[in-house]
Asker: 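I'd like to ask you about the structure that follows.
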Amino acid sequence: TAVRFVNKKCYIRARFVYIYLSFCLTDYFSQGKNDSEDSGLRFATCQLLWKQINSETEKIQEELNKQLFDNLIHFLRQSHSELQTKKTEWMCRMKSSEIPTAALVLGVNVTDHDMTFKSLSEVLQDNVTPYVVSLQAKECPGIKHLLQKLMGQLMDCNVDVDSSEEEECVNISQKKIRCSMASLSKWYESVTKKTDSETPSKKRTSSSRHWQSPPIVVIFKDMESFTTKVLQDFIVISSQHIREFPLVLIFGIATSPMIIHRLLPHSVSSLLCIELFQSLSCKEHLATVIDKLLLTTQFPFKLSEKVLQVLINIFLYHDFSVQNFIKGFQLSIVEHFYSQPLSVLCCQLLEAKKRVNSLSHNQCENIRSLPSFRRYVESQVSEKQIALLTEDSFLKEVTQTLLEDLHIYHENYFTVLRCLHVFTTSLPKYPLGKQIRELHCACLGKSVWETEEYESAIQLLRMLAKDELVAILQKCAEIFISSSGKQFSNTVEKLEEFLARFQNLEGEHFSVGFRSVPSVEELSSSYIPCCSFRSYLAPAEMQTLNEVVYFNTANTLREHLNAAPRIALHTALNNPYCYLKNQTLKSDVGCISNTAPDICIVYKLHLECGRLINLVDWLEAFSTVVTAVEGTDPDAVATDQVDEIIHARFIRAVSELELLGFIKPSKQKTDHVARLTWGGC
Amino acid sequence: MPNFEHPEYPEATLLHLESMVPCRESQVSSLLSIFGEVARSILCIWVDYRCSTKMFVLTNRLKTNLNLPHVFVNCVECFTSRLLLEEILTQLQSLSSEKKHGSHVPCDTFNDFVRLFKQEIITQDLQNQTVYIVLDKAEQLREMEANVLPGFLRLQEMTDRNVTVIFLSEIVWELFRPNTGCLEPFTLYFSDYSIGNLQKILSHYHPPEYSADFYAAYINILLGVFYTVCRDLKELRHLAALNFTKYCEPVVRGEANERDTRRLWKNIESHLKKAMQTVYLREISSSQWERIQKDDGEPGHLKGLSAHAHVELPYYSKFLLIAAYLASYNPARTDKRFFLKHHGKIKKTNFLKKHEKTSNHLLGPKPFPLDRLLAILYSIVDNKVAPTANIFSQITSLVTLQLLTLVGHDDQLDGPKYKCTVSLDFIRAIARFRLKKVYYDTYNTPKIT
């Protein structure tokens with residue numbers, strides 16, 4: 001039972017994060033902290049940042065879906081216009097009862113689909129037809145419900161188009177209308193006629209976007225969950241009316257298109273005219289999101305290696321859901337702004353510099369206690385050390401320059417990272433990872449040039465053929481040119497000079513082969529001075545003041561996003577001190593203390609039993625534990641007779657345990673309950 | 001001279017009828033003889049039309065051509081008895097009057113229906129004629145209330161009017177017969193079309209641009225390829241329409257004349273075979289197929305639906321699915337042997353029980369409890385897996401994706417049981433490690449090499 005509850009809980013999780021973020025935030029930020037730590041400002045900054053990021057993610061999604069949607073719209077436009085033009089033709093006579101169907105393969109990340117369908121129906125409503133209906137399997141257990149839902153949604157979209165007067169009559173008639181296809185086709189006829197006969201001024205506005213008889217698009221959001229019968233009936237019925245109104249189906253498929261054959265028999269699937277559409281894979285989607293949100297200086301907030309790893313692991317190991325990834329990212333933003341007082345400086349550089357000036361003394365102390373700042377202080381001369389630790393105004397000045405350094409570090413870092421990625425992707429077996437996110441993680445965590453993988457990558461680079469090398473260098477040059485940092489102009493010049501030398505090489509000593517090609521080490525040292533290259537990719541933890549913009553408490557994030565409810569429950573029952581923080585509950589692991597809540601005692605006792613638990617034995621053990629200390633002499637109490645109160649307590653504890661799903665009543669033996677978790681046997 | 005003879009109808013009508021429904025002479029004439037007798041009407045006719053879906057067209061055409069008062073209702077479309085009865089009454093209203101849609105008649109029970117039906121017959125002045133009610137897809141009636149089917153069977157008795165109910169169904173009457181109140185209908189079977197019949201019917205509707213002979217030769221070739229897999233007239237007609245342009249190509253280009261069947265056959269043969277793999281299974285749409293024909297491209301590059309069988313799953317979902325597969329097809333007894341490191345020696349002779357000698361694949365997947373699934377999961381994943389909420393939610397999402405199914409009711413919270421519904425090929429595609437080691441059936445199947 002515990003497990004099944006948990007399953008339901010997981011669905012609530014995303015919702016929970018949302019509530020967590022939206023409702024309690026204001027209180028949450030200012031709770032228990034005085035405003036010398038700028039909680040109000042932090043909250044505002046956090047909100048602003050999230051708003052920007054959110055709009056950016058929406059933009060990314062829109063761009064990624066564009067191709068797919070364009071194809072779909074093209075399909076929809078074609079599907080019925082073809083029928084209309086060829087109506088009389090001999091060829092088309094057979095095809096006329098086929099329903100045009102788009103099978104939309106979206107991948108297993110079901111949580112992302114809602115977003116896609118939402119924007120899809122918006123796009124369709126804008127461009128193709130006002131009549132878009134989306135259906136979910138759980139709303140349609142029978143054909144009757146399906147038709148009800150379908151008609152309800154259709155009538156509603158009609159209301160949007162028509163004026164308010166008609167709205168009333170539609171509402172009235174909707175109750176009376178019987179849910180049958182016949183009445184639907186009647187409705188369609190009346191609607192299309194109405195738009196035809198409308199005043200030309202109004203017609204022009206509507207028909208500029210839609211055509212004269214716009215198709216009715218029915219979207220089945222989760223094809224897999226629909227019952228066979230409902231789908232079959234619906235398709236059979238609507239195929240008989242396809243001449244009366246142009247219907248188009250869209251099947252949202254999560255697994256593979258084979259599901260159509262599994263759900264529909266041949267006699268039904270022969271009524272469909274199926275065309276396949278494939279959406280972008282979720283991995284590519286993630287790569288774009290990471291590229292646009294994380295590998296950019298556009299947003300001041302950054303994730304540390306461990307946090308990023310947690311988010312990526314959840315994505316790859318558990319759900320493939322980009323939405324959840326973004327939600328996790330959002331959670332880390334909130335967590336960062338909440339827990340780190342100095343996050344007030346986590347904004348655009350100019351603004352941050354301004355804010356430094358108005359920092360309170362308390363916040364200055366916070367800066368001084370940052371580990372990275374202490375490291376920085378230690379590296380300074382002693383007079384400066386004293387000034388930094390005592391004078392707030394001096395500290396603020398230094399902080400401003402340090403923030404600027406951090407900004408420049410990021411600008412350089414991302415440019416150099418992309419260059420390095422161009423190199424490593426061309427290598428066989430990808431020693432530093434195929435995706436840029438893997439390289440990013442490697443660089444964030446430790447000094448990448450000290451790792452073995454880097455060594456092997458460099459060795460492989462030495463063996464590259466010349467033309468490959470030239471291509472890579474050209475790409476690098478492009479990256480440097482497009483980057484905003486000015487300090488690379490020197491490098492670009494050198495690179496171009498180098499490329500020119502390569503071209504000459506081709507003409508002069510071609511025969512010498514690539515041995516004569518200068519080694520990459522030499523090369524890299526010439527286009528990026530080696531030491532500075534290293535300083536560009538130095539791990540973020542080494543940077544002074546990195547705590548301001550980097551969120552690195554991966555544990556909190558893991559607890560929130562990848563909760564282990566079974567373990568939590570076990571800890572709570574096995575070691576109540578962990579949650580209750582009551583000194584009397586502190587006890588050794590092995591023994592069972594009688595001060596613990598009854599349910600804990602019962603739980604611990606049941607851990608020692610097998611699959612079937614004898615209730616009488618259990619009760620006896622319970623009463624022994626409870627009375628052990630209370631009455632110091634257990635013999636004094638009548639051994640056979642269990643105190644009524646203890647009995648009642650026991651029963652209550654057992655039923656609580658049943659409610660939590662650890663045991664259930666068993667019919668195999670009288671007076672026994674069955675365990676539902678492992679451990680005993 | 002028409003094949004049917006009937007004194008009441010003019011010869012021209014009968015000839016027209018014959019041209020509309022070829023190859024059904026005997027059935028049509030028996031229907032005609034039934035329809036003809038106004039005074040004494042047969043109660044019910046059970047038409048078994050297993051293959052030719054055009055059957056309802058037949059009866060429909062008979063009626064309209066012969067000007068008989070009739071009502072035609074599709075039982076799939078009217079999915080409740082109420083909708084069905086109301087639809088019949090509404091159509092009845094519009095029989096004689098010219099208005100297109102009769103007004104809505106509320107009718108909840110069969111009792112009401114009988115009363116209203118009688119009224120309607122009088123208002124329409126149909127007492128002296130037989131009214132026909134045709135119920136298409138009559139097998140749906142079994143799913144409605146228990147009184148609907150017997151009610152229709154005894155409609156004449158109850159209304160005391162001349163009414164004939166015709167049920168059209170694809171399954172035999174014996175599967176319908178209700179327990180009580182049943183009146184045996186007159187059953188009329190429509191046999192499958194023979195290849196000759198098919199040939200005749202298909203070539204009947206030839207395109208106007210080409211001669212009948214040319215089209216008949218094409219149909220001959222088409223039937224030669226498809227007759228072994230498909231005898232459905234509708235499907236064959238669809239295929240004929242789709243591929244005809246390709247067949248005509250050499251003629252249009254002037255490379256062959258209409259009589260050069262050999263060359264035409266060579267041109268179309270490979271094309272039809274490809275069509276069998278994709279179009280027949282509806283794996284690509286007919287408009288896609290037409291586009292290919294127009295572009296004259298190889299259809300090989302366009303993959304059907306089944307080419308996209310691979311499903312990409314998250315890491316742990318893969319392992320969960322593999323674990324579920326193993327739990328479904330391995331006997332629970334053998335888990336110790338496969339998944340425990342120190343399982344001790346098990347004698348091979350005792351290991352296989354007799355009834356387990358048959359391949360587990362022939363028996364299908366068996367249900368397994370959640371705990372067993374998790375135990376197998378923990379042993380096949382290399383690193384440690386924490387039982388996090390995400391793992392459990394993945395099980396649920398595998399169920400919604402129909403890769404696993406939940407055995408028993410959805411509400412059963414304690415000790416849920418699952419079954420794995422994917423095939424061995426699917427598992428092989430996602431399992432990179434050697435499934436053989438932990439897979440029971442490999443011990444069972446005799447070695448071929």
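Values in this document were obtained by computation on a predicted structure and should not be read as measured data.
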Asker: Identify the two heavy atoms, one from B/Gln140 and one from A/Lys229, that lie closest to each other, and give their separation to 0.1 Å.
Answerer: OE1-NZ, 4.0 Å
Asker: With a 4.5 Å heavy-atom cut-off, do B/Asn74 and A/Gln240 have their side chains touching?
Answerer: yes
Asker: Where on A/Leu316 is there a heavy atom nearer than 4.5 Å to chain B: the side chain, the backbone, both, or neither?
Answerer: backbone
Asker: Counting only heavy atoms closer than 4.5 Å, note whether A/Lys138 contacts chain B via side chain, backbone, both or neither.
Answerer: neither
Asker: For the residue pair B/Glu77 and A/Ile143, establish whether any side-chain heavy-atom pair is separated by less than 4.5 Å.
Answerer: no
Asker: How long is the span from the CG atom in B/Leu313 to the CG atom in A/Asn109, to the nearest 0.5 Å?
Answerer: 11.0 Å
Asker: Just verifying a value: how many Å separate B/Ile391 CD1 and A/Asn562 CG, rounded to the nearest 0.5 Å?
Answerer: 8.0 Å
Asker: Is any side-chain heavy atom of B/Leu401 closer than 4.5 Å to one of A/Val110?
Answerer: yes
Asker: Should B/Val311 and A/Ser256 count as side-chain neighbours, where that means a heavy-atom distance under 4.5 Å?
Answerer: yes
Asker: Any chance you could measure A/Leu146, atom CG, to B/Phe79, atom CZ, to the nearest 0.5 Å?
Answerer: 9.0 Å
Asker: Quick one, B/Tyr315 and A/His318 - any side-chain contact, counting heavy atoms below 4.5 Å?
Answerer: no
Asker: How long is the span from the OG1 atom in A/Thr255 to the CD atom in B/Gln402, to the nearest 0.5 Å?
Answerer: 8.5 Å
Asker: Quick check for you: to the nearest 0.5 Å, what is the distance between A/Asp222 atom CG and B/Thr400 atom OG1?
Answerer: 8.0 Å
Asker: Does the side chain of A/Ile567 reach to within under 4.5 Å of the side chain of B/Pro387, using non-hydrogen atoms?
Answerer: yes
Asker: Would you check if the side chain of B/Gln394 reaches a backbone N or O of A/Tyr317 as a donor-acceptor pair within less than 3.5 Å?
Answerer: yes
Asker: Are the side chains of A/Val236 and B/Lys137 in contact, using a 4.5 Å heavy-atom criterion?
Answerer: yes
Asker: Let me confirm one number: the OG-CD distance from B/Ser397 to A/Glu224, rounded to the nearest 0.5 Å.
Answerer: 11.5 Å
